[in-house]
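This report refers to the structure that appears directly beneath it.
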2 protein chains.
Amino acid sequence: MRALHHPDVSTVALPSVLNALADEVRLMVVRQLAEAGGVVCGQFDVPVSMSTLSHHLKVLREAGILRVTPQGSFRRHELRLPEMEARFPGVLTSILQATP
Amino acid sequence: MRALHHPDVSTVALPSVLNALADEVRLMVVRQLAEAGGVVCGQFDVPVSMSTLSHHLKVLREAGILRVTPQGSFRRHELRLPEMEARFPGVLTSILQATP
DNA sequence: TCAGGATTTCGATAACGGTCGAATTGTGTG
DNA sequence: CACACAATTCGACCGTTATCGAAATCCTGA
């Protein structure tokens, strides 16, 4: 499977991160990742089509918020929580805590 | 001067707040407010026209992030920091600290 | 190698959002 | 009242983005 690009978190800008999180669907994704750890693409519970979900995952990935690791024919998604915490301390964690 | 609408912070949604902060110009505005306390519209240091600035201030106001109080023919802007902190603890403060 | 499932990419569409200049509103002052 | 000034609103333009279905890509197992 083709190599996916994951930006170095030191190069991502704060507006990019906030923009990635300023979407209800993407917030749902991030919440579910925070709860479940690694989640496979088809297991997200979101009210959009598969192609749209793929688009949202790409936005989150390019903002440095999640990492994608191929596992067989699946792809495992997980938050880059430690890295984000080091880059923007408290931002992602407080956003996660501000949601039910 | 016409009464400006300020939403009850308990009614604003997290995506609205994040969306309001996911813009470089609006982040500049928020930073300058955090430093200077109350700032009059014409004194913001931003690289956009007055009408565009007014638009950004409206977005921030409707997201519950700042309050506008008329003072003569000027308008004073200030962060609603305590209220935002109570509603989304750590979100606004961590974003402020994540910027120079 | 072929079939099938998982995910992404492509192409199209519609809505949103940042931007500006011009016009408008509101406030204080002469 | 008339004027100047501060700020908003309006109308338009244009790039961005959320969305979908269809097609393409990638992997596994028979």
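Naming: A, B, ... by sequence-line order, numbering from 1 per chain.
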Checklist entry - Reckon B/Arg75 has a side-chain N or O less than 4.0 Å from the OP1 or OP2 of D/dT8? => result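 Looking at the OP1 and OP2 atoms of D/dT8, one of them is under 4.0 Å from a side-chain N or O of B/Arg75.
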
Nearest-Å distance, [atom1] ([X]) to [atom2] ([N])?
{"X": "B/Leu4", "N": "D/dA6", "atom1": "CG", "atom2": "P", "value": "18 Å"}
{"X": "A/Arg61", "N": "C/dT9", "atom1": "CZ", "atom2": "P", "value": "7 Å"}
{"X": "A/Leu60", "N": "C/dT7", "atom1": "CG", "atom2": "P", "value": "16 Å"}
{"X": "B/Arg76", "N": "D/dA7", "atom1": "CZ", "atom2": "C1'", "value": "17 Å"}
{"X": "B/Gln71", "N": "C/dG28", "atom1": "CD", "atom2": "P", "value": "11 Å"}
{"X": "B/Asp23", "N": "C/dG17", "atom1": "CG", "atom2": "C1'", "value": "9 Å"}

Item to check | Under 3.5 Å side-chain donor-acceptor pair for B/Arg67 and B/His6 | outcome: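 There is no such pair (donor and acceptor under 3.5 Å, judged by atom type) between the side chains of B/Arg67 and B/His6.
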
Checklist entry - Between B/Arg87 and B/Glu85, is there a side-chain N and carboxylate O pair less than 4.0 Å apart? => result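 No, no charged N to carboxylate O under 4.0 Å.
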
Checklist entry - By salt bridge (Lys or Arg N to Asp or Glu O under 4.0 Å), which residues pair with A/Glu24, not counting sequence neighbours? => result A/Arg31

Item to check | Residues that B/Arg80 engages under salt bridge (Lys or Arg N to Asp or Glu O under 4.0 Å), provided they are two or more places apart | outcome: B/Glu83

Checklist entry - Reckon A/Arg26 touches a base, only the sugar-phosphate, or nothing at all at heavy-atom distances under 4.0 Å? => result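 Since only primed, P, OP1 and OP2 atoms lie under 4.0 Å of A/Arg26, the category is sugar-phosphate.
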
Checklist outcome for this item: Which of D/dT8, C/dT7, D/dT28 is nearest the side chain of A/Phe74? It is C/dT7

Item to check | Interatomic spacing from CD1 in B/Ile95 to CG in B/Leu21 - rounded to 0.5 Å | outcome: 4.5 Å

Item to check | Same apolar cluster: B/Leu81 and B/Val59, side chain cutoff 4.5 Å | outcome: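 No, it is not one cluster - the side chains of B/Leu81 and B/Val59 are not joined through contacts under 4.5 Å.
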
Item to check | Strand contacts (DNA chain C) in residues 28-57 of chain A, 4.0 angstrom heavy-atom criterion | outcome: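 Residues of residues 28-57 of chain A under 4.0 Å from DNA chain C: A/Val40, A/Cys41, A/Gly42, A/Met50, A/Ser51, A/Ser54.
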
